Amino acid sequence: MKQSQSISAALCKQSEQSKNKYRTRLEASIDCITFLIRNGLALCGHDESEDSDNRGNFVELLEFHARGREIIQRVMLENAPRNLQLASLDIQKDIVRALSIEVTKEILRDLGDDYFAILVDKARDVSIKEQMVVVICYVDGSGYVV
């Protein structure tokens, strides 16, 4: 039997394809979540089922991002295995957590030993859920207020 026809070669090839598809799904999810966070938009919707008219900002943006990009469209949402769609709330929270860690590291690196100010505001909305906003103000190395 030729080496290229062996089972291990076929599994290795399929494994590499699976890794590439997963990486494409993950990068698209990170891109969409980053966009929503930078614009202060909510990720989730009230009804994210497939027959809903508005599935939430994240899923809608993911579909929009895949439109016209065949590589992404082939591996996203309906075309992905049910347990690898990377659209669940837990995965969204994990990506947001990872992004927040990276942003915090960047702020601390940029801040150094300089002075800074922290503003914290807590409010309660109509549904009695409390929300808190934390704002960090500092002057970066170029003299700009961040």
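Note that the structure is predicted; figures quoted are calculated from it, not measured.
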Any sub-3.5 Å donor-acceptor pair from N39's side-chain atoms to F35's backbone N or O?
yes

Test your reading of the model: is there a side-chain donor-acceptor pair from N57 to the backbone of A42, 3.5 Å cut-off?
yes

What I want to find out is whether D90 reaches K93 closely enough, with some N-O distance under 4.0 Å, to be called a salt bridge.
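No salt bridge links D90 with K93.
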
Over all atoms of both residues, closest heavy-atom pair of V135 and V133
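Distance-wise, the nearest heavy atoms are CG2-CG1, 4.0 Å.
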
When every non-hydrogen atom of I33 is compared with those of Q92, the smallest separation belongs to CD1-CA, 3.9 Å

[X] [atom1] to [Y] [atom2] distance, which is reported to the nearest 0.5 Å:
{"X": "Y138", "Y": "I107", "atom1": "OH", "atom2": "CD1", "result": "5.5 Å"}
{"X": "L61", "Y": "L41", "atom1": "CG", "atom2": "CG", "result": "9.0 Å"}
{"X": "N20", "Y": "R25", "atom1": "CG", "atom2": "CZ", "result": "10.5 Å"}
{"X": "L26", "Y": "K19", "atom1": "CG", "atom2": "NZ", "result": "14.5 Å"}

Steps toward side chain to side chain contact (heavy atoms under 4.5 Å, CB included) verdict (F58, L36)
CA-CA 7 Å; F58 175 68; L36 292 171; 4.0 Å; yes

Within-4.5 Å side-chain heavy-atom neighbours: D114 and V139:
no

Is any side-chain heavy atom of I95 closer than 4.5 Å to a side-chain heavy atom of S29?
yes

Hydrophobic cluster membership, V134 vs L99, 4.5 Å side-chain cutoff
no

